[in-house]
Amino acid sequence: MQIKEILTQTPAEQEVTVKGWVRTKRGQAAVTFIAINDGSTIHNIQAVVEGNNNINEETLKLVTTGACVAVTGKLIASQGSGQAVEVKAEKIEVYGTADETFPMQPKRHSMEFLREKAHLRFRTNTFGAIFRIRHNLAFAINKYFNDKGFFYLHTPIITASDAEGAGEMFHVTTFDIKNPPKTETGDIDYKEDFFGRETSLTVSGQLEGELGALALSKIYTFGPTFRAENSNTTRHLAEFWMIEPEVAFYELEDNMALAEDFVQYVIKYALENCADDLAFLEKRLLDEEKNKPQNERSEMALLEKLRFVVDNQFERLTYTEAIEILLKSKPHKEKKFQYPVEWGIDLQSEHERYLVEKHFKKPVILTNYPREIKAFYMKQDADGKTVRAMDVLFPGIGEIIGGSQREDDYEKLLTRVKEVGIDPENIWWYLETRKFGSAPHAGFGLGFERLVLFVTGMTNIRDVIPFPRTPKSAEF
Ligand code: ATP
Ligand code: MN
């Protein structure tokens, strides 16, 4: 039985065997308390070793923080406070010892330190909680779409198109990079490469997702995504997971409604299914905040913040309206923004955060961005200036979702493709969907780790993915 299950049993001196890793051992000769965790829950089970049992001292010495053990004994009502049941140990088997150099000793470690020990950080309360929540969110995402009649479409990881221009790409090749074959003109001869052309890791599954949606009507992708962003922010990874629903017959308004309902559903799922882990993380954050000056503390505790997002409608406004608000804002007038504000700019994080955290104090959906700052495939508005784009902005995170209604008119799309300098030959298959049975359709991309960041209240995206890939870092 896993510890999660044992902890719910009614104690009746039934025999149980607990297998897990020792978090702490304390006590004296007469009685020793061992806290064991197996990752099934944030809670440890306490094993009590009394002096008068048949566990020899040599074995007990090997039971140290970090060791892996199996403890067999009777499940009894706990004598102490803090837990309902405990195991009266009768037999201890030590699977693996851990000496005092085990890095995860029971004390507070910095997140930076734990990142350097990514192979062992799973064994801390914080990372146990984060990765259980991450799992639950992934499950909720699949459940949401399945229940709504969406099909999970697996789009390719290796791609020959950088049609979206969403980010710098990682090349995929089997060439000896020191000595690739060259053409007569001295360029690298990709015809000789594995795929017979230049290929990269995908920056988005959207273009292929659209092909699926224009047949299956409702699809979503949920897969790894790669961007060689050399930016080193707390919100960008070089390898992250993205969820991209794409729906035929949806317009921008339907897309917004889907994004809102979807995000609220998965957060609600976490609130209902990860209560213990969230309570732990909330307490951890509150403890951390005590060390901060009053004006830097957040206004809401974690659970309150999550409930707030679940219970309140997201604010919807156009990019143009947002610019007007920013132009009238105090930080703009007092020249506190680092970047200038004027119609046409790509909003910076400071602007997004002002809108979400200061002005509206809730998630915001911004729509109808200038076409020059958005991707070629977004449907053009009648004014010729803006496109049917939507970004969902979250407190503390900034952009969590980017999406749009797609251009479904063949001629308009082709013109735009050429304008932005993409060779139509490279995406002939994408363009053909607008030639044969084109349909209005829309979709969006949600960065999974940004969602996990929001739900866990963590502040660095490197701490919500098991093995983060960032510039100069791919150790584990
Ligand atoms: P940003 O402006 O934050 O870089 P973006 O405009 O490049 O985002 P999109 O191309 O619209 O983002 O991708 C859709 C979603 O994927 C974003 O809303 C975000 O949640 C997520 N995302 C984008 N880049 C990254 C990254 N490098 N690491 C993690 N998540 C990302
Ligand atoms: Mn980006």
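Hydrogens, waters and symmetry mates are skipped; everything else that's a heavy atom, side chains included, is used. Note that ligands are numbered from 1 as they come in the structure, with each ligand's atoms numbered from 1 the same way.
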Which atoms of ligand 1 sit under 4.0 Å from any heavy atom of [X]?
X	result
Gly402	11 (O), 18 (O)
Ile401	18 (O)
Glu229	24 (N), 25 (C), 26 (C), 27 (N)
Arg235	3 (O), 28 (N), 29 (C)

(request) State whether Arg371 and Glu407 are salt-bridged, where the test is any N-O pair (Lys NZ or Arg NE/NH1/NH2 against Asp/Glu carboxylate O) under 4.0 Å. (result)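 Looking at Glu407 together with Arg371, the answer is no, because their closest N to O distance does not fall below 4.0 Å.
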Backbone, side chain, both or neither: what part of [X] comes under 4.0 angstrom of ligand 1, heavy atoms only?
X	result
Glu449	neither
Arg450	side chain
Val203	neither

(message) Using 0.5 Å steps for rounding, measure from the CD atom of Glu198 to the CG atom of Asn426.
(response) 10.0 Å
Evaluating non-hydrogen atoms only, which member of [options] is closest to [atom]?
atom	options	value
atom 14 (C) of ligand 1	Lys374, Met242, Gln348, Arg469	Met242
atom 28 (N) of ligand 1	Thr225, Leu446, Leu237, Ile465	Leu237
atom 13 (O) of ligand 1	Glu244, Arg227, Glu352	Arg227

(request) Specify whether Phe222 and Phe448 have parallel, tilted or perpendicular ring planes, treating 30° as the upper limit for parallel and 60° as the lower limit for perpendicular. (result) perpendicular
(message) Using 30° and 60° as the class boundaries, would you call the ring planes of Tyr319 and Tyr369 parallel, tilted or perpendicular?
(response) tilted
(message) Looking only at the aromatic ring of each residue, does the gap between the centers of Phe127 and Phe122 stay below 6.0 angstrom?
(response) no
(request) May I ask you to check whether His119 and Phe476 place their ring centres under 6.0 Å from each other? (result) yes
(message) So, applying side-chain hydrogen bond (donor to acceptor under 3.5 Å, both in side chains) with Tyr377, which one of Arg406, Gln206, Arg416 is it?
(response)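 Result for side-chain hydrogen bond (donor to acceptor under 3.5 Å, both in side chains) with Tyr377: Gln206.
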(message) Tell me if a side-chain donor or acceptor on Glu357 pairs with a main-chain N or O of Gly396 at a distance below 3.5 Å.
(response) yes
(message) Counting only nitrogen or oxygen atoms and a 3.5 angstrom limit, does Ile461 reach ligand 1?
(response)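 No, there is no polar N/O contact under 3.5 Å.
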(request) Report yes if some N/O of Phe240 lies less than 3.5 Å from some N/O of ligand 1; otherwise report no. (result)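 N/O-N/O distance under 3.5 Å: no.
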